[in-house]
A.B. asks: 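Could you have a look at this structure, given as structure tokens, before my questions?
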Number of protein chains: 2
Amino acid sequence: MQRPYKDIIQRLQAVGLRPTRQRLALAKLLFEKGNRHISAEQLHAEAQSEKMPVSLATVYNSLHQFTAAGLLREVVVDAGRSYFDTNVEPHHHFYFEESGHLEDIDRDQLRLEAVPDAPEGMAVSRIDVIIRVNRSQ
Amino acid sequence: MQRPYKDIIQRLQAVGLRPTRQRLALAKLLFEKGNRHISAEQLHAEAQSEKMPVSLATVYNSLHQFTAAGLLREVVVDAGRSYFDTNVEPHHHFYFEESGHLEDIDRDQLRLEAVPDAPEGMAVSRIDVIIRVNRSQ
DNA sequence: GTGATTGCAAATCTTTTGCACTAAA
DNA sequence: TTTAGTGCAAAAGATTTGCAATCAC
């Protein structure tokens, strides 16, 4: 943690993004705390409280740039709110309906059997499995 | 089609919804054209052009009431836009990323193997599988 | 220097809400 | 009648955009 931003700087440069102060701050929050599922709003709030002020617009820009670069994956579970997942390996999710919380399901804890062919002329870009759970009935 | 609204009226009454003019119009558009995946905005536009004017607020209200009553299922694939599916049987979806189009995958065309247990104290409410496809690379 | 990046505020888009009016039972 | 339902216009969220100021290289 005392280590400087060397790793992060290289990581950003590797995908062609200039390591600006804002991107470094956000990348630090995102990637140095294990796997996270975070919304733009949450990340923005976290940056403020960690004394690394970044504007909300820049948070959105960075999240999308990181996603395009393959450093993040966007997970959509809820109309009108995106989560960004720092785990970009193929895997699935539990979604806690009441709290909005997400939890990873390892790819080999849940396998798909007999996946149908993609429609004519189409290529599969990703398969998302979301298991929605709630507190009993 | 010439048949009056008898079936739809009964269907609405069966789930405790008064068969108002607006709900009848929307239910007719939704349920008499086979399986559909439609957004509120689309349904609203369709109602206007079919000379069955319904306000957008009422379209949203009705879609949510129909969903709560089990006549529709909400599908979230895209941040900031909900689709409503008239097929309420368990099944999955192809999602065409460029066009935003959805296509059903029959439940037995794609089975899940070794679904993990729900977390402690949680019950599974639904499992969604979305296969995202796009036009080659 | 020069082009990429940022921040702000305004704009956009989807969805929800408050409330007076209307219609179903 | 009586209560549920509707429409409008305004409000609320989330996200995007335009553009001048700033920063990385």
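These numbers come from the heavy atoms of this one structure, side chains and all, not from hydrogens, waters or symmetry mates. All chains are named by letter (A, B, ...) in the order of the sequence lines, taking the proteins before the strands, and each is independently numbered beginning at 1. Model, not experiment: these values are computed from the prediction.
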A.B. asks: Can you tell me the distance, in whole Å, between the CZ atom of A:Arg23 and the C1' atom of C:dA4?
C.D. replies: 8 Å

A.B. asks: Between C:dT6 and A:Thr20, is there an OP1 or OP2 to side-chain N/O distance shorter than 4.0 Å?
C.D. replies: yes

A.B. asks: Any side-chain N or O of A:Tyr60 under 4.0 Å from OP1/OP2 of D:dT16?
C.D. replies: no

A.B. asks: Let me know the distance between CD of A:Gln42 and P of D:dT15, rounded to the nearest Å.
C.D. replies: 11 Å

A.B. asks: Please test B:Arg126 against A:Glu97 for salt bridge (charged side-chain N to carboxylate O under 4.0 Å, His left out), starting from the C-alpha separation and ending with a verdict.
C.D. replies: CA-CA 10 Å; B:Arg126 199 169 91 198; A:Glu97 296 179 323; over 6 Å; no

A.B. asks: Nearest-Å distance, CZ (B:Arg21) to P (C:dA24)?
C.D. replies: 8 Å

A.B. asks: To the nearest Å, how far apart are A:Glu41 CD and D:dT15 P?
C.D. replies: 8 Å

A.B. asks: So, B:Glu74 versus B:Thr67: side-chain donor-acceptor pair below 3.5 Å or not?
C.D. replies: no

A.B. asks: Measuring to OP1 and OP2 of D:dG7, would you say a side-chain N or O of B:Ser55 lies under 4.0 angstrom away?
C.D. replies: yes

A.B. asks: On the nucleotide C:dT5, are OP1 or OP2 found under 4.0 Å from the side-chain N or O atoms that A:Gln22 carries?
C.D. replies: no

A.B. asks: To the nearest angstrom, how far is A:Asn61 atom CG from D:dT15 atom P?
C.D. replies: 13 Å

A.B. asks: Look at A:Arg18 and D:dC25 and indicate whether a side-chain polar atom (N or O) is within less than 4.0 Å of OP1 or OP2.
C.D. replies: no

A.B. asks: Please state how far atom CZ in A:Phe66 lies from atom C1' in C:dT5, giving the value in whole angstrom units.
C.D. replies: 12 Å

A.B. asks: NA contact type, B:His64, heavy-atom cut-off 4.0 Å: base, sugar-phosphate, or nothing?
C.D. replies: sugar-phosphate

A.B. asks: Tell me yes or no: between the side chains of A:Gln22 and A:Thr58, is some donor less than 3.5 Å from an acceptor?
C.D. replies: no

A.B. asks: Measure CG/B:Leu12 against P/D:dA4 and give the value in whole Å, please.
C.D. replies: 17 Å

A.B. asks: Separation of A:Leu56 atom CG from D:dT15 atom P, in whole Å?
C.D. replies: 9 Å

A.B. asks: Can a side-chain donor-acceptor contact be found between A:Gln13 and A:Arg18 if the only test is distance below 3.5 angstrom?
C.D. replies: no

A.B. asks: Taking the six-membered ring of B:Phe31, is the NZ or CZ of B:Arg11 close enough (under 6.0 Å from the centre) and on axis enough (within 45°)?
C.D. replies: yes

A.B. asks: Ignoring hydrogens and angles, state whether a donor on the side chain of A:His91 or A:Asp85 is under 3.5 Å from an acceptor on the partner side chain.
C.D. replies: yes

A.B. asks: Could you verify whether a donor N or O on one side chain and an acceptor N or O on the other, from A:Asp104 and A:His37, lie under 3.5 Å apart?
C.D. replies: yes

A.B. asks: Heavy atom of residues 68-87 of chain A under 4.0 Å from DNA chain D: which residues?
C.D. replies: A:Gly80, A:Arg81, A:Ser82

A.B. asks: Would you please confirm or rule out a distance under 4.0 Å between OP1 or OP2 of D:dA24 and any side-chain N or O of A:Gln13?
C.D. replies: no

